[in-house]
Novice: 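Before I ask anything, let me first share the structure, which is written out below as structure tokens.
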Amino acid sequence: MADETPVAAHVPAALSLSGIERTYMQGESALHVLRGIDLDLPAGEIVGLVGPSGAGKSTLLHVAGLLEHPDQGTVFVGGTDATQMDDGARTALRRRHIGFVYQFHHLLPEFTALENVVLPQLIAGLPRKEAESRAGELLGFLGLADRTVHRPGELSGGEQQRVAIARAVANAPRILLADEPTGNLDPDTAEHVFDILLRLVHGTGLAALIATHNLEFASRMDRRVTLKEGRLVEL
């Protein structure tokens with residue numbers, strides 16, 4: 001009798017990069033920043049992206065986050081090929097599935113912490129009451145329940161960055177991309193923010209790619225990849 005054990009369906013990676021090339025022209029010279037990058041990022045995994053300054057880590061994050069077009073190669077978001085989409089479709093896919101955290105928080109100074117986290121949800125079409133409820137839950141999870149009505153100028157650097165993280169995941173994206181998210185913080189605050197990122201990813205099933213110069217932090221992630229001379233090396 002034939003084996004009737006069902007075969008598990010293949011689940012595509014949250015983010016998959018295939019053959020990514022990116023070149024910039026400097027006068028008449030070509031600067032090859034990315035040279036055939038392949039990377040799969042499954043749900044629930046946090047990956048550290050390291051490499052020297054100028055290696056192209058930010059460029060790689062911009063391509064992965066659909067902010068920049070590769071010259072060659074394909075970006076898949078949840079199995080969907082985003083490379084051939086028009087700008088409107090790419091923007092919609094990015095807003096729905098990708099969250100960003102940068103070294104500098106870029107919070108809107110005239111709004112409270114809660115309002116900064118509510119705003120992207122309103123843009124996505126969520127009713128205000130639901131958006132405020134979710135924002136309050138996120139800020140509470142990140143230890144900011146008593147800071148929701150404070151504006152960015154009234155918050156510490158670490159608190160501002162935690163609000164930025166809450167804002168990045170407010171719309172429940174599949175993917176979190178972070179560019180030196182602790183680079184502007186003192187060591188103790190950086191440690192606290194990093195621990196929160198780990199807890200958030202492993203607790204929610206996000207897929208996260210975190211560019212960092214902190215090798216100790218990178219070593220504590222699920223995987224570490226190094227960008228060197230335009231290529232990725234996994235350690």
Side-chain angles (χ1 to χ4, degrees), residues 12-24 31-78 82-83 94 97-106 161-162 164-165 168-169 173-185 187 189-202 204-235:
L15 174 69
S16 185
L17 308 178
S18 178
I20 298 297
E21 305 264 353
R22 191 71 178 97
T23 300
Y24 298 100
L31 178 63
H32 301 287
V33 178
L34 304 177
R35 301 171 178 262
I37 299 294
D38 297 316
L39 179 67
D40 286 334
L41 194 64
E45 184 175 61
I46 183 168
V47 176
L49 173 63
V50 301
S53 295
K57 298 188 296 298
S58 294
T59 297
L60 178 57
L61 289 176
H62 288 166
V63 171
L66 310 183
L67 293 170
E68 192 170 327
H69 288 274
D71 298 314
Q72 293 186 41
T74 309
V75 180
F76 296 94
V77 176
T83 314
R94 182 174 64 247
H97 292 306
I98 302 173
F100 292 89
V101 181
Y102 298 98
Q103 179 173 352
F104 299 100
H105 54 76
H106 299 301
Q161 196 63 316
R162 280 184 278 160
I165 292 169
V169 301
R174 289 172 178 260
I175 301 154
L176 180 66
L177 303 175
D179 196 354
E180 299 289 350
T182 62
N184 197 40
L185 305 173
T189 304
E191 176 77 29
H192 184 52
V193 169
F194 175 71
D195 285 343
I196 282 173
L197 278 171
L198 282 179
R199 186 156 54 99
L200 183 66
V201 171
H202 292 150
T204 63
L206 269 169
L209 182 62
I210 313 294
T212 181
H213 281 108
N214 190 315
L215 297 182
E216 194 271 328
F217 285 171
S219 70
R220 290 160 54 192
M221 299 188 205
D222 298 318
R223 273 194 293 150
R224 186 177 88 189
V225 294
T226 301
L227 187 57
K228 184 177 181 181
E229 296 179 353
R231 304 185 188 278
L232 275 187
V233 179
E234 187 161 343
L235 299 175

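Treat the numbers as computed from the prediction; the structure is a model and nothing was measured. Side chains are part of it too, since the values below use all heavy atoms of this structure and drop only hydrogens, waters and symmetry mates.
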Novice: Can you check side chain to side chain contact (heavy atoms under 4.5 Å, CB included) on Phe217 and Ile210, steps first, answer last?
Specialist: CA-CA 10 Å; Phe217 285 171; Ile210 313 294; over 6 Å; no
Novice: Could I get the full list of side-chain contact (heavy atoms from CB on, under 4.5 Å) partners for Arg231, not counting sequence neighbours?
Specialist: Arg35
Novice: Taking the side chain as every heavy atom from C-beta outward, state whether Leu206 and Val169 have any pair of such atoms under 4.5 Å apart.
Specialist: yes
Novice: For Phe76, check ring pair (Phe, Tyr, Trp, His ring centres under 6.0 Å) against everything at least two apart and list the hits.
Specialist: none
Novice: Under the side chain to side chain donor-acceptor pair (under 3.5 Å) test, which residues partner Asp222, sequence neighbours left out?
Specialist: His202
Novice: Can you name the side chain to side chain donor-acceptor pair (under 3.5 Å) partners of Glu191, sequence neighbours left out?
Specialist: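 With sequence neighbours excluded, Glu191 shows a side chain to side chain donor-acceptor pair (under 3.5 Å) to Arg220, given in chain and number order.
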Novice: Who are the side chain to side chain donor-acceptor pair (under 3.5 Å) partners of Asn214, not counting sequence neighbours?
Specialist: none
Novice: Tell me, do Leu60 and Leu17 make a side-chain contact under 4.5 Å, heavy atoms counted?
Specialist: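 Yes, their side chains come closer than 4.5 Å.
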Novice: Please determine whether side chain to side chain contact (heavy atoms under 4.5 Å, CB included) holds for the pair Met221 and Val201, giving the CA-CA distance in whole Å, both sets of side-chain angles, and the decisive distance to 0.1 Å.
Specialist: CA-CA 10 Å; Met221 299 188 205; Val201 171; over 6 Å; no
Novice: Sequence neighbours left out, what passes side chain to side chain donor-acceptor pair (under 3.5 Å) with Thr74? Give chain and number order.
Specialist: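 So Thr74 forms no side chain to side chain donor-acceptor pair (under 3.5 Å) with any residue.
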Novice: Apply side chain to side chain contact (heavy atoms under 4.5 Å, CB included) to Thr189 and Thr182, showing your working.
Specialist: CA-CA 8 Å; Thr189 304; Thr182 62; over 6 Å; no
Novice: If every non-hydrogen atom of Val75 is compared with every non-hydrogen atom of Ala64, which pair is closest and at what distance?
Specialist: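 Answer, listing the atom of Val75 first, then Ala64: CG1-O, 4.0 Å.
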Novice: Taking all atoms of both residues into account, what is the closest heavy-atom pair of Ala13 and Asp40, and its distance?
Specialist: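 Shortest heavy-atom separation between Ala13 and Asp40 comes out as CB-CB, 4.3 Å.
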Novice: Given 3.5 Å as the limit, does a donor-acceptor pair link the side chain of Gln161 with the main chain of Tyr102, or not?
Specialist: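 It does hold such a pair.
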Novice: Who pairs with Gln72 by side-chain contact (heavy atoms from CB on, under 4.5 Å), at least two apart in sequence or on another chain?
Specialist: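 Applying side-chain contact (heavy atoms from CB on, under 4.5 Å) to Gln72 gives Glu21.
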Novice: Please tabulate, one pair per line, all N/O donor-acceptor pairs under 3.5 Å involving side-chain atoms of residues 41-57, not counting sequence neighbours.
Specialist:
unit_1, atom_1, unit_2, atom_2, d
Glu45, OE1, Arg223, NE, 3.3
Glu45, OE1, Arg223, NH2, 2.9
Glu45, OE2, Arg223, NE, 3.3
Ser53, OG, His213, NE2, 3.3
Lys57, NZ, Gly51, O, 2.9
Lys57, NZ, Pro52, O, 3.3

Novice: Please enumerate all residues that pass side-chain contact (heavy atoms from CB on, under 4.5 Å) together with Ile98, with sequence neighbours excluded.
Specialist: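 Here the qualifying residues are Leu66, Val77, Arg94, Phe100, Ile175, Leu177.
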Novice: Taking side-chain contact (heavy atoms from CB on, under 4.5 Å) as the definition, give me every residue that meets it alongside Thr23, ordered by chain and number, with sequence neighbours left out.
Specialist: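 Thr23 satisfies side-chain contact (heavy atoms from CB on, under 4.5 Å) with Ala30, His32, Asp71 once adjacent residues are dropped.
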Novice: Taking atom CZ of Arg162 and atom CG of Leu200, what is their separation to the nearest 0.5 Å?
Specialist: 12.5 Å
Novice: Do you know which two heavy atoms are closest between Gly99 and Pro173, and how far apart they sit?
Specialist: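 The pair with the smallest heavy-atom distance is N-CB, 3.7 Å.
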Novice: Does atom CD of Glu68 have more than 12 heavy-atom neighbours, drawn from other residues, nucleotides or ligands, at distances under 6.0 Å?
Specialist: yes
Novice: Only counting residues at least two apart or in another chain, list the ones meeting ring pair (Phe, Tyr, Trp, His ring centres under 6.0 Å) with His192.
Specialist: none
Novice: When Leu232 is tested against each of Leu34, Asp38, Leu39 for side chain to side chain contact (heavy atoms under 4.5 Å, CB included), which residue passes?
Specialist: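 Filter result, single survivor: Leu39.
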